[in-house]
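Inspection log for the structure reproduced underneath, given as structure tokens.
Just so we're on the same page: letters track the sequence lines, and every chain starts at 1. It should be emphasised that the depicted structure is a prediction, and the values quoted were computed from it without experimental measurement.
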Number of protein chains: 2
Amino acid sequence: MSGAAGAGGVGAGGGAAGGVAAGGVAAGGVGVGPVDAGADGAARGIRLLIADDEHLIRGALVALLNLEPDIEVVASAADGVAAVEQAIATRPDVCLLDLEMPEADGIEAATRILAAVPTRVVIVTRHARPGVLRRALASKVSGFVPKSTPAEELAHVIRDVAAGRRYIDPEIAATALTAERCPLTDRELDALRFSRSTMSVQQIAERLHLAPGTVRNYLSSAMTKLDASSRHEAAERAWEQGWI
Amino acid sequence: MSGAAGAGGVGAGGGAAGGVAAGGVAAGGVGVGPVDAGADGAARGIRLLIADDEHLIRGALVALLNLEPDIEVVASAADGVAAVEQAIATRPDVCLLDLEMPEADGIEAATRILAAVPTRVVIVTRHARPGVLRRALASKVSGFVPKSTPAEELAHVIRDVAAGRRYIDPEIAATALTAERCPLTDRELDALRFSRSTMSVQQIAERLHLAPGTVRNYLSSAMTKLDASSRHEAAERAWEQGWI
DNA sequence: CTAGGCCAGTGACATTTGTCATGCTCCGGC
DNA sequence: GCCGGAGCATGACAAATGTCACTGGCCTAG
């Protein structure tokens with residue numbers, strides 16, 4: 001339907017992608033850790049933290065965003081815990097967090113960061129699942145973009161968020177709004193979580209301190225609700241929806 | 001350690017790679033296209049093509065590598081087919097291809113590109129699986145790096161490759177050399193391939209035009225060889241090794 | 001030619017899964 | 001206080017899955 005998703009001023013993507021402005025700092029070393037701020041002449045530069053577990057991607061994002069004259073990358077981290085530490089140490093204006101990270105995922109890191117530092121968070125993710133968006137918003141995240149976003153767009157998003165606005169990828173927002181809420185019960189979710197890995201019902205039952213039959217029951221009812229024909233399929237489906 | 005990775009009998013296969021002439025032009029669709037070269041004073045810049053299906057990553061890599069004074073990104077593509085077209089159109093010195101791409105994966109694209117254009121290929125991948133490295137080398141790829149590579153390293157790799165040398169990530173090379181070769185028979189692989197999706201034995205049997213019992217046999221023997229306790233686990237394991 | 005490997009199939013069998021009918025408890029509504 | 005429903009739990013039963021033993025065809029190396 002009409003832009004409920006609009007989330008107010010969603011970027012709406014006014015054309016003007018514009019080439020990346022050149023100039024700026026051609027940062028050299030991209031190691032993890034606080035980045036040397038250097039002469040801080042800029043009047044209103046946005047101080048940014050970047051967290052992504054893939055070294056190459058992290059470095060590339062740093063390079064990309066440092067090209068923007070009004071953005072300055074002040075820290076980068078390779079996992080959720082490091083991101084929290086860096087955020088506390090450098091107090092950035094905006095934190096760009098990858099969702100898939102070891103130690104603590106993007107949402108967990110966002111929660112901890114927002115509890116400790118006055119800043120704003122943008123979550124970036126490869127698989128944009130509706131349920132995850134919901135959880136992200138519940139954690140007071142300000143922005144949510146998939147990795148399929150055009151590179152030029154990212155700077156706009158960061159500026160929007162720095163200015164106090166929110167940005168939700170319209171595509172995901174629409175999906176999240178149409179997708180019905182999770183019909184599964186807590187126990188069913190428990191069982192499904194374990195079913196994603198290769199684990200026998202027995203093993204799941206032990207982990208959950210339940211009788212094997214009970215686990216099968218949960219799995220079965222979950223399969224019915226999700227219209228799946230095996231627990232693996234059901235688990236896969238629940239994962240795609242972001243319910244587990 | 002760059003060189004290393006002699007990889008012994010990589011050539012082995014010797015199979016007559018199919019002709020793979022780049023046939024008719026496929027659908028245009030893909031917005032990405034040649035990058036404006038601009039006035040180019042540089043005498044010996046490396047002309048680079050970048051292919052990655054994630055827009056954000058692609059853009060970030062372009063930004064990262066364009067920062068290098070001796071590298072010039074002349075084309076970018078979002079899928080394997082587009083990469084081949086771009087490579088033919090722009091004849092770059094080096095092609096940086098993501099392994100995971102729609103239409104044609106990195107290795108397939110590399111094969112086609114190398115058959116049509118005198119250039120060199122570097123494959124980048126998220127999950128560096130030994131078997132895939134083997135296949136990549138068989139396709140005459142010059143470089144193979146995981147996305148966990150430090151960003152600064154990438155430019156070195158591209159320069160090495162442009163100079164005619166090869167670069168194989170030492171970590172993956174070591175794994176590939178220690179890891180034993182695939183112990184599975186062709187039929188077992190067929191059956192396993194289908195087992196990765198959620199499919200009953202019956203369905204697999206139909207696809208393969210085999211009796212259900214036969215499929216179960218293949219699956220069972222594969223499970224034994226891979227020390228797995230379910231076909232899903234076996235399929236997962238074979239996938240991790242890059243055998244399917 | 002013959003042994004041995006891979007392929008294809010069959011049938012019997014034990015296990016693992018998925019389905020169902022059935023209790024139990026804890027709610028909220030009337 | 002009673003009812004109905006949702007969630008939790010279980011055991012019995014049927015179907016799918018994995019294991020084993022064995023037959024035969026085809027091809028290749030010795």
Side-chain angles (χ1 to χ4, degrees), chain A residues 131 134 179-244, chain B residues 9 12-16 131 134 180-241 243-244:
Chain A
R134 229 182 279 275
E180 71 277 47
R181 197 176 230 86
C182 174
L184 301 168
T185 119
D186 286 351
R187 289 316 219 171
E188 287 164 355
L189 290 173
D190 284 341
L192 277 184
R193 246 182 290 278
F194 287 110
S195 279
R196 270 205 13 113
S197 67
T198 317
M199 239 171 138
S200 74
V201 173
Q202 310 276 17
Q203 294 171 302
I204 298 176
E206 280 171 32
R207 285 288 182 97
L208 256 32
H209 304 290
L210 289 176
T214 309
V215 173
R216 273 190 251 130
N217 216 348
Y218 290 144
L219 256 12
S220 178
S221 85
M223 287 163 60
T224 306
K225 288 177 184 172
L226 298 179
D227 189 32
S229 63
S230 79
R231 63 213 172 95
H232 296 292
E233 189 177 339
E236 210 49 49
R237 208 154 290 187
W239 158 259
E240 276 164 21
Q241 294 293 319
W243 292 332
I244 53 177
Chain B
R134 229 182 279 275
E180 71 278 45
R181 201 181 225 83
C182 173
L184 302 169
T185 138
D186 286 351
R187 287 308 188 171
E188 287 165 356
L189 290 173
D190 284 341
L192 277 184
R193 245 182 290 280
F194 287 109
S195 280
R196 274 208 4 117
S197 67
T198 319
M199 242 171 135
S200 73
V201 173
Q202 313 276 17
Q203 294 171 303
I204 298 176
E206 280 171 33
R207 285 287 183 97
L208 255 32
H209 304 292
L210 290 176
T214 309
V215 172
R216 273 190 285 162
N217 271 342
Y218 289 145
L219 255 12
S220 178
S221 87
M223 287 163 60
T224 306
K225 287 177 184 172
L226 298 178
D227 189 32
S229 62
S230 79
R231 63 212 170 97
H232 296 291
E233 187 176 340
E236 210 49 50
R237 208 154 289 187
W239 159 260
E240 275 164 21
Q241 293 293 318
W243 293 332
I244 54 177

Note to self: When you measure from the side chain of B/R237 to the backbone of B/D227, do you find a donor-acceptor pair of N or O atoms at a distance under 3.5 Å?
What the structure shows: yes
Notebook entry, point to check: Atom OG in A/S197, atom CD in B/E233: separation rounded to 0.5 Å?
Noted result: 9.0 Å
Notebook entry, point to check: In chain order, what residues pass the side chain to side chain contact (heavy atoms under 4.5 Å, CB included) check against B/A234, with sequence neighbours excluded?
Noted result: B/L192, B/M223, B/L226, B/A228
Notebook entry, point to check: Which heavy-atom pair separates B/A238 from B/L184 by the least distance, and what is that distance?
Noted result: CB-CD1, 4.5 Å
Item checked: Gap between atom CD1 of B/I244 and atom CZ of B/F194 - 0.5 Å precision -> 11.0 Å
Checklist line | Covered region of DNA chain D, 5' end to 3' end, by chain A [heavy atoms, under 4.0 Å] | finding: D/dC8 to D/dA12
Checklist line | Sorted by number, the residues of residues 186-210 of chain A with heavy-atom contact under 4.0 Å to DNA chain C | finding: A/S200, A/V201
Check: Rounded to the nearest 0.5 Å, how far apart are NE2 of A/H232 and CZ of A/R196?
Finding: 11.5 Å
Margin query: Under 4.0 Å, heavy atoms only, any strand: does A/S229 hit a base, just the sugar-phosphate, or nothing?
Written below: nothing
Notebook entry, point to check: Where along residues 212-228 of chain B does a heavy atom fall under 4.0 Å from DNA chain C?
Noted result: B/G213, B/T214, B/N217, B/Y218
For residues 198-218 of chain A, run the donor-acceptor check on the side chains, cut-off 3.5 Å, and write out each pair with its distance to 0.1 Å, sequence neighbours left out.
| unit_1 | atom_1 | unit_2 | atom_2 | d |
| --- | --- | --- | --- | --- |
| A/S200 | OG | A/Q202 | N | 3.4 |
| A/S200 | OG | A/Q203 | N | 3.2 |
| A/S200 | OG | A/Q203 | OE1 | 3.4 |
| A/Q203 | OE1 | A/S200 | N | 2.8 |

Note to self: Using the rule given for side-chain contact (heavy atoms from CB on, under 4.5 Å), can you reason through A/S221 versus A/E188, listing the C-alpha separation, both sets of side-chain angles and the distance that settles it, and then say yes or no?
What the structure shows: CA-CA 8 Å; A/S221 85; A/E188 287 164 355; 2.4 Å; yes
Checklist line | Student check: side-chain heavy atoms of B/W239 and B/S195 closer than 4.5 Å | finding: no
Item checked: By side-chain hydrogen bond (donor to acceptor under 3.5 Å, both in side chains) - contacts of A/T224 (at least two apart) -> none
